[in-house]
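Letters go in sequence order (proteins before strands), and every chain restarts at 1.
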2 protein chains.
Amino acid sequence: MNKVQQYEEKAEILKALAHPIRLCIVEGLINNECNVTRMRECLDLPQSTVSQHLSILKSRGIIRGRRKGTEICYTVTSELVKELMKVLMNK
Amino acid sequence: MNKVQQYEEKAEILKALAHPIRLCIVEGLINNECNVTRMRECLDLPQSTVSQHLSILKSRGIIRGRRKGTEICYTVTSELVKELMKVLMNK
DNA sequence: CTTTAAAATCGTAATATACTGATAAGACGA
DNA sequence: TCGTCTTATCAGTATATTACGATTTTAAAG
């Protein structure tokens, strides 16, 4: 693979994580999956804001949502991100 | 420490890394320290651009520069960043 | 002191990201 | 179908980041 391209891809992943709200969301999701409304209460932010952060994470393949009735439950699917979070938050 | 504050700090580190040029610089510096001119040639970018990326990395405590005569040699000082890079680039 | 090479900083235009209210879409139960 | 709950998307503004030429600073060398 092209080196520049690789840097761009990795930078995209980091950019997706490089926001306090998204870090909070991702860390929360690594432990227990959660729907938007629950996150919203926890973060005290407008619903649209949470939803947009989720869509950024989703578009980068970091999380995935599965519908459960009327809610959508999200989980972290990227192993790379799980490992990065382990390193990032435990030091 | 405050949780929100912790997320903000970590996000700052990620933001500093979340750029293809800076990833390239940091990875290069982990292996062999290097001055701005050498990097500039390697990256094919204007001197001011490289210098500004370096100053972003420096302001976040990721790298440090030591003068060697007329040049300044940079090295990666953050152990956290070294570990993050290991995880990030080897998967 | 003056010159020169290297690196930092400034100014600014272009681009990208963030936030939020309003609205739309999807799923479910009455 | 209608109303409600949940989530997504849109539109607009505000804010931040990026890139790069021009200028300044720094320090070594003469």
Side-chain angles (χ1 to χ4, degrees), chain A residues 4-5 7-26 28-29 32-77, chain B residues 4-5 7-26 28-29 32-77:
Chain A
V4 175
Q5 202 184 324
Y7 287 127
E8 277 166 7
E9 280 177 29
K10 303 294 187 181
E12 282 304 301
I13 295 171
L14 293 182
K15 230 190 292 183
L17 290 178
H19 191 288
I21 293 174
R22 292 199 290 272
L23 279 181
C24 181
I25 290 173
V26 170
L29 291 182
N32 20 295
E33 56 180 76
C34 187
N35 63 36
V36 179
T37 306
R38 238 185 320 146
M39 285 184 232
R40 205 186 65 70
E41 288 161 3
C42 165
L43 294 162
D44 190 31
L45 290 167
Q47 178 266 322
S48 61
T49 302
V50 175
S51 204
Q52 275 184 119
H53 284 300
L54 287 170
S55 103
I56 289 169
L57 291 168
K58 200 163 41 173
S59 74
R60 259 75 160 201
I62 292 172
I63 63 174
R64 206 183 58 192
R66 274 186 329 231
R67 186 170 282 275
K68 269 191 186 171
T70 172
E71 299 177 344
I72 296 181
C73 279
Y74 288 93
T75 45
V76 177
T77 50
Chain B
V4 175
Q5 202 183 325
Y7 287 127
E8 277 166 6
E9 280 177 30
K10 303 294 188 182
E12 281 304 301
I13 295 170
L14 293 181
K15 230 190 294 182
L17 290 177
H19 191 288
I21 293 174
R22 292 199 290 271
L23 278 181
C24 180
I25 290 174
V26 169
L29 291 183
N32 21 297
E33 56 180 76
C34 187
N35 63 36
V36 179
T37 306
R38 220 156 8 118
M39 286 183 231
R40 206 185 64 69
E41 288 160 5
C42 166
L43 294 163
D44 191 31
L45 290 167
Q47 177 265 323
S48 61
T49 302
V50 175
S51 203
Q52 274 184 120
H53 284 299
L54 287 171
S55 103
I56 288 170
L57 292 169
K58 201 164 39 170
S59 73
R60 259 74 160 201
I62 293 172
I63 63 174
R64 207 185 57 193
R66 274 187 329 230
R67 187 169 281 275
K68 269 192 185 169
T70 172
E71 300 176 345
I72 297 181
C73 279
Y74 288 93
T75 45
V76 177
T77 50

Q: Show the atom names and distances, to 0.1 Å, of all donor-acceptor pairs under 3.5 Å that link a side chain in residues 65-72 of chain B to residues at least two apart or in another chain.
A:
unit_1 : atom_1 : unit_2 : atom_2 : d
B:R67  : NH1    : B:G69  : O      : 3.4
B:E71  : OE1    : B:N35  : ND2    : 2.7
B:E71  : OE2    : B:N35  : ND2    : 2.8

Q: Both A:V50 and B:T49 contact DNA chain C. Which one's nearest nucleotide lies toward the 5' end?
A: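 Its nearest nucleotide being more 5', the pick is B:T49.
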Q: Using a 4.5 Å cut-off on heavy atoms from C-beta on, say whether the side chain of A:M39 contacts that of A:L29.
A: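 Side-chain contact under 4.5 Å: yes.
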Q: Who are the side-chain hydrogen bond (donor to acceptor under 3.5 Å, both in side chains) partners of B:E8, not counting sequence neighbours?
A: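 side-chain hydrogen bond (donor to acceptor under 3.5 Å, both in side chains) check on B:E8 returns nothing, list empty.
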Q: For C:dA8, does OP1 or OP2 lie under 4.0 Å from any side-chain N or O of B:S51?
A: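 Yes, because at least one side-chain N or O of B:S51 sits under 4.0 Å from OP1 or OP2 of C:dA8.
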Q: Of the non-hydrogen atoms in A:L57 and A:A16, which two are nearest, and what is the gap between them?
A: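 Heavy atoms only, the tightest pair is CD2-O, 3.8 Å.
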Q: Please state how far atom CG in A:L14 lies from atom C1' in C:dT17, giving the value in whole angstrom units.
A: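 Result: 16 Å.
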Q: Give the minimum heavy-atom separation between A:V76 and A:V26, together with the two atoms involved.
A: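 Minimum heavy-atom contact is CG2-O, 3.8 Å.
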Q: What is the distance from atom CD1 of B:I63 to atom CD1 of B:I25, rounded to the nearest 0.5 Å?
A: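 Separation between the atoms: 7.0 Å.
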Q: Extract, from 5' to 3' on DNA chain D, the first and final nucleotides lying under 4.0 angstrom from some heavy atom of chain B.
A: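 First and last nucleotides in contact are D:dT17 to D:dA28.
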Q: Let's see if you get this right: which residues in residues 52-63 of chain A place a heavy atom under 4.0 Å from DNA chain D?
A: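 Only A:Q52, A:K58 qualify.
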Q: Using whole Å, what does the distance between atom P of nucleotide C:dA8 and atom CZ of B:R64 come to?
A: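 Checked: the CZ to P distance equals 14 Å.
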Q: Identify all pairs in which a protein N or O lies below 3.5 Å from an N or O of nucleotides 23-26 of chain C, and state each distance.
A:
none

Q: Quick one: which of C:dT17, C:dT9, C:dA22 gets closest to the side chain of A:S48?
A: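 Within the option list, the nearest is C:dA22.
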Q: I need the CD1-C1' distance between B:I72 and C:dA7, as an integer number of Å.
A: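 One finds 6 Å between C1' of C:dA7 and CD1 of B:I72, rounded.
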Q: Please evaluate residues A:L23 and B:L14 with respect to the criterion side-chain contact (heavy atoms from CB on, under 4.5 Å), reporting the C-alpha separation (whole Å), side-chain torsions for both, the decisive distance (0.1 Å), and the verdict.
A: CA-CA 10 Å; A:L23 279 181; B:L14 293 181; 3.9 Å; yes
Q: Could you give the NE2-to-C1' distance, from A:H19 to C:dA16, as a whole number of Å?
A: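 Distance, rounded to whole Å: 13 Å.
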Q: Could I get the full list of side-chain contact (heavy atoms from CB on, under 4.5 Å) partners for A:H19, not counting sequence neighbours?
A: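 Only A:I21, A:R22, A:H53 meet the side-chain contact (heavy atoms from CB on, under 4.5 Å) criterion with A:H19.
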Q: Pairs in or reaching into residues 52-61 of chain B: which pass salt bridge (charged side-chain N to carboxylate O under 4.0 Å, His left out), with residues at least two apart or in two chains?
A: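 Output for this query lists B:E12-B:R60.
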Q: To the closest 0.5 Å, what do you measure between CG (B:L17) and CD1 (A:I13)?
A: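 Answer rounded to 0.5 Å: 12.5 Å.
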Q: Please round to the nearest 0.5 Å and tell me the distance separating atom CD of A:Q5 and atom NZ of A:K10.
A: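 Atom-to-atom, A:Q5:CD and A:K10:NZ are 12.0 Å apart.
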